[in-house]
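The structure appears right after this line, and notes come after that.
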Amino acid sequence: MTDSAKPTLLVIDGHSLAYRAFYALPVDNFSTKDGQHTNGIYGFLSMLVNLVKAEKPTHLAVAFDTSRESFRTREYTEYKANRSESPAEFKGQIPLLQECLGAMNIPVLLKPDFEADDILATLATQGAAAGYNVLVCSGDRDTIQLVNDDVTLLYPNVQGVSQLKRYDREAVIERYGVPPEQYPDIAALVGETSDNLPGVPKVGEKTAVKWLKQYGSLQELIDNADKVTGVVGGNLREHLDDVRRNRKLNRLLTDVELALGPDELAVNPIDAQAVREIFARLEFRALLPRVLEATGADQATSDAASAPAVAMPATTEPTGADLQAWLEAATAEVGLTVLTERGLPQRLGLATSDSAIEAAWDAEASAVLIPWLVSDAPKIMNDAKAQVKALRRADVVLGGLAFDTLIAGWLLRPSFPDKTLGHLVERFLDETLPEADPSQLVPETEGATPGQLSWFTVRVAEALRADMPDSVTTVLTDIEVPSLLVLADMELAGVAVSHDELSAFSAELGTRADSIAQQAFTTIGREVNLGSPKQLQEVLFEDLQLPKTRKTKTGYSTDAAGLADLQRTNPHPFLDLLLQHREATKLRQIIESLDTAIGADNRIHTTYVQTGSQTGRLSSTDPNLQNIPVRNEESRRIRAAFQVGNGYETLLTADYSQIEMRIMAHLSEDPGLIEAFNSGEDLHRFVGARVFGVDPSEVTAAMRTKVKAMSYGLVYGLSAFGLSKQLRIEQSEAKQLMLEYFARFGAVRDYLRSSVEQAKIDGYTETIFGRRRPFPDLSSPNRVLRENAERAALNAPIQGSAADIMKIALFHIHDELRAQGLASRVLMQIHDELVIEVAPGEWDAAEQIVRTRMGDAASLTVPLDVQIGRGANWDEAAH
DNA sequence: CAGCACACGTA
DNA sequence: CGTACGTGTGCTGT
């Protein structure tokens, strides 16, 4: 009988329940795009949510085995020895499940040398003694012995974990015919095949119960074994040692020393943000709301919002001399928030760690604020770029920017999805930023004022600084913040794009696409949506009976590479028309998106997302100007529509040639590669000559293609398999090519190997300038995850160093153009290329600045080569 | 209507 | 079974 006034302690055997879930749910339906299986985790958490909702435990813990070894295996080496290795698909799931539980603030209990059931037994015993209703949830029958008036067992039925059967004292007696404390006696007699504990031959549950009833206890039975009649009696006498051993081993320990006792297992609010993150990683979606609901986290967050851990200062609104006085008193860094309206400043919030003020952006206040804003007085902002732009539109050039919390958070953890100050407040302060509910006309909770936002920003910065290694702080101060100010200018400047040229091209492509579609329909005798992979699969693999291509999640691939392969082996007019249609519609789509992005000033203003990559690169959105087609003649018409703007003379493009291979040469110190770059010879020709043992003049186009693919592939962690596929050569030939390559450029291989090894030790990689990227998966037991992490870790220092170098060059160029009073300006950055708009008469000066600043942005053991082009449009300016 | 899968553009 | 991105389309599930 449960007493509702008592607290409820729920203790769960994590391993056994997750294992049950693993077999109950189809493994194929539960895996991430990285190949991590998640069915056991999902099933366990799903069961847990149901359990929490139904039982409403006040105290909760999950216990795990630490390994297969325990005091039992030492006592009896055969114990569980028949258990086969758990499937590879299951193994990696336990650590991830423990991570989930961590995020949910549910204690995970482990004790080396003991099994999870011993932990459950100990907690159940302590809990019952301390006045709890105890619920034990386990898939191991041995836990039946724990049931008593205070302890109930929840046992999964054969179907899996969705149904749990409740065993209280009565239910055990009904099912097994003996009280719970006698169940181990039955088990000892019968034996437990799954634990490799043989019992008495021919004795099953029925006989065991009969004997126990007859003799009263196992001890009595053993003492009177000679009185037991029949064949089974003989068997019993022969196996008495087994029975004694079984009974010894199946007794659960109730006095394991644990780090936490029942009273310390009180249910805590979950870390909603952490749960979101890990669920995102595991690609769980439906589960999140269920978890939040069951744990009351959706409620908890709004409660926390009204009660931050540290009291917010009230925001005052000083004016005139008072405002002046506040600014003069704030000698330390000041948090700054510029509230904007349609891209212009509206209100400003300023704060130190104990004071917050705000001011409307009007003539009176700005007269006092502008000198402070443009001064070197140090300022801390969150996601400063948009605010810097707003100020600049008001002709205020912000000075003294010392710290950007959003960028700092990203530098510390580039993989985290933090996008707002609210996220940072949760993660780094463990508090909740008050936010008005936008769905309510009159929100119940008030959002933070700009002054309070600045106050939070200052405090988040303080927390971030404490976590930031020096090298990361240097990257923030010396690379990211200066870049931010330049990116703001670039976005404001935009790039002139001709609507007329784009729309003419778009119309042409539209007509062409329609005509191609009609022809394609004729060849197959029906009309389908050529943009639908699903319908295309029907046409290709059912109607036309073409051989199957690469498998995808939903069927077979219809991508360009696959279609080209099909065309080679099974030529069909439809295939070629489809490819042409794809090309025309894709181009048209890119053109349309660019066209709609052209502003009233005839220019496109992209947004560079400074925190948009894990490596340090920028990304570009709305629209993305970093993926404008270039690889074929026709598509370059799009680039031709990017033109020099009014008041300017020409476009200058500048790009680093082979910057990643140069960084590879620098980092690996490979003498051959260094010589290649110092020789002035074409890189791939030089490498080809070495690899194939010929004179550079004898390197054929085919040889050059091969070493080029090899060189680039190295930077990405390419395998012989991948190389053979890329070059359409035999895997053996690819392997041979790699061997020859490394025979000549061995230091490259050594560097790549050692850099991954170092990353495994450190847990992160580092660029030349100290930018870090953590790689927790390098130590994952899951091979797919681990090998993916290894390739990414191999690439990160190279791609990241290139990104660092380009950012340094970018702001050096910008700053020097300004310093020399030139009007020429940087418009675009495409990873290793810059596009600059040159004002009349400034070509020579601008070219000089660009060449010099890109060339000396970093001092490597090989020179940084810069290619410059000039033209009235982007296509012409390409060299 | 949101989110997924696919396909494809760039460095 | 090669890294890093963003976007548009079709389609499915809420």
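Per chain, numbering begins at 1; letters A, B, ... match sequence-line order.
For A:N624 and B:dA11, the CG to C1' distance is 11 Å, given to the nearest whole Å. Spacing between atom CD of A:Q537 and atom C1' of C:dG10 amounts to 12 Å, rounded to whole angstrom units. To the nearest angstrom, P of C:dA4 lies 14 Å from CH2 of A:W410. Taking atom CD of residue A:Q799 and atom P of nucleotide C:dA4, one finds them 7 Å apart after rounding to whole Å. The distance between atom CD of A:E790 and atom P of C:dT3, rounded to the nearest whole Å, is 12 Å. Taking atom CD of A:E583 as the reference point, atom C1' of B:dA7 lies 14 Å away to the nearest angstrom. If you measure from atom NE2 of A:H581 to atom P of C:dT9, you get 12 Å, rounded to the nearest angstrom. Atom CG of A:L794 and atom C1' of C:dA4 are 14 Å apart (whole Å).
Taking the six-membered ring wherever Trp is involved, the centroid distance between the rings of A:Y741 and A:F745 falls below 6.0 Å.
A:Y751 and A:L667 make their closest contact through OH-CD1, 3.2 Å (heavy atoms, listed as atom of the first residue, atom of the second, distance).
Residue contacts shown for A:S557 are limited to sugar-phosphate atoms, with no base heavy atom under 4.0 Å away. Across all strands shown, A:G722 has heavy atoms under 4.0 Å from sugar-phosphate atoms exclusively, and none from any base. Counting any heavy atom pair closer than 4.0 Å across all strands shown, A:R791 reaches sugar-phosphate atoms only and no base atom. Across all strands shown, A:A796 has no heavy atoms under 4.0 Å from either base or sugar-phosphate atoms. Residue contacts for A:E787: at a heavy-atom cut-off of 4.0 Å it reaches no nucleic acid atom on any strand shown. Among the heavy atoms of the strands lying under 4.0 Å from A:V630 are primed sugar atoms or P, OP1, OP2 only; no base atom is included.
The phosphate of C:dG6 (OP1 or OP2) has no side-chain N or O of A:S620 nearer than 4.0 angstrom. The phosphate of C:dG2 has OP1 or OP2 within less than 4.0 Å of a side-chain N or O from A:S719.
Side chain A:N627 to base B:dG9: a donor-acceptor pair is found below 3.5 Å. You won't find any donor-acceptor pair under 3.5 Å spanning the side chain of A:R582 and the base of B:dA7, going by distance alone.
In this structure, A:D750 has no side-chain contact (heavy atoms from CB on, under 4.5 Å) partners at least two apart in sequence or on a different chain. In terms of the salt bridge (Lys or Arg N to Asp or Glu O under 4.0 Å) criterion, residue partners of A:E538 (sequence neighbours excluded) are, by chain and number, A:R526. Taking A:Y764 as the reference, A:R772 meet the side chain to side chain donor-acceptor pair (under 3.5 Å) condition, with sequence neighbours excluded. Under the salt bridge (Lys or Arg N to Asp or Glu O under 4.0 Å) criterion, A:R771 pairs with A:E480, A:D804, sequence neighbours left out. Under the salt bridge (Lys or Arg N to Asp or Glu O under 4.0 Å) criterion, A:E833 pairs with no residue at all, not counting sequence neighbours. Under the side chain to side chain donor-acceptor pair (under 3.5 Å) criterion, A:D559 pairs with A:R550, A:S557, not counting sequence neighbours. A:R582 is linked by a salt bridge (Lys or Arg N to Asp or Glu O under 4.0 Å) to nothing, counting only residues two or more places apart in sequence or in another chain.
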Exercise. Does the side chain to side chain contact (heavy atoms under 4.5 Å, CB included) test come out yes or no for A:L502 and A:I598, once each step is laid out?
Worked result: CA-CA 11 Å; A:L502 287 185; A:I598 298 176; 4.1 Å; yes
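Between A:F574 and A:H572, the two ring planes are perpendicular [angle over 60°; tilted spans 30° to 60°].
For the pair A:E633 and A:R636, the salt-bridge criterion is met [side-chain N within less than 4.0 Å of a carboxylate O]. Under the 4.0 Å criterion applied to side-chain N and carboxylate O atoms, A:E660 and A:R617 are assigned as salt-bridge partners.
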Show me, pair by pair, the donor-acceptor contacts under 3.5 angstrom made by side chains of residues 727-739 of chain A, not counting sequence neighbours?
residue	atom	partner	partner atom	Å
A:R728	NH1	A:D565	OD1	3.3
A:E733	OE2	A:K706	NZ	2.8
A:Q736	NE2	A:E740	OE2	3.1

Pairs: protein N or O with nucleotides 2-5 of chain B N or O, under 3.5 Å:
residue	atom	partner	partner atom	Å
B:dC4	OP1	A:R285	NE	3.0
B:dC4	OP1	A:R285	NH1	2.7
B:dA5	OP1	A:K553	NZ	3.3

Taking only nitrogen or oxygen atoms into account, show me every contact under 3.5 Å that the protein makes with nucleotides 11-14 of chain C, one pair per line with its distance.
residue	atom	partner	partner atom	Å
C:dC11	OP1	A:S532	OG	2.6
C:dC11	OP1	A:Q535	NE2	3.0

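Listed by residue number, there are no residues of residues 748-759 of chain A with a heavy-atom contact under 4.0 Å to DNA chain C. DNA chain C lies under 4.0 Å from at least one heavy atom of each of the following residues of residues 586-596 of chain A: A:Q589, A:S593.
Heavy atoms from other residues, nucleotides or ligands lying under 6.0 Å from CZ of A:R851 number more than 12.
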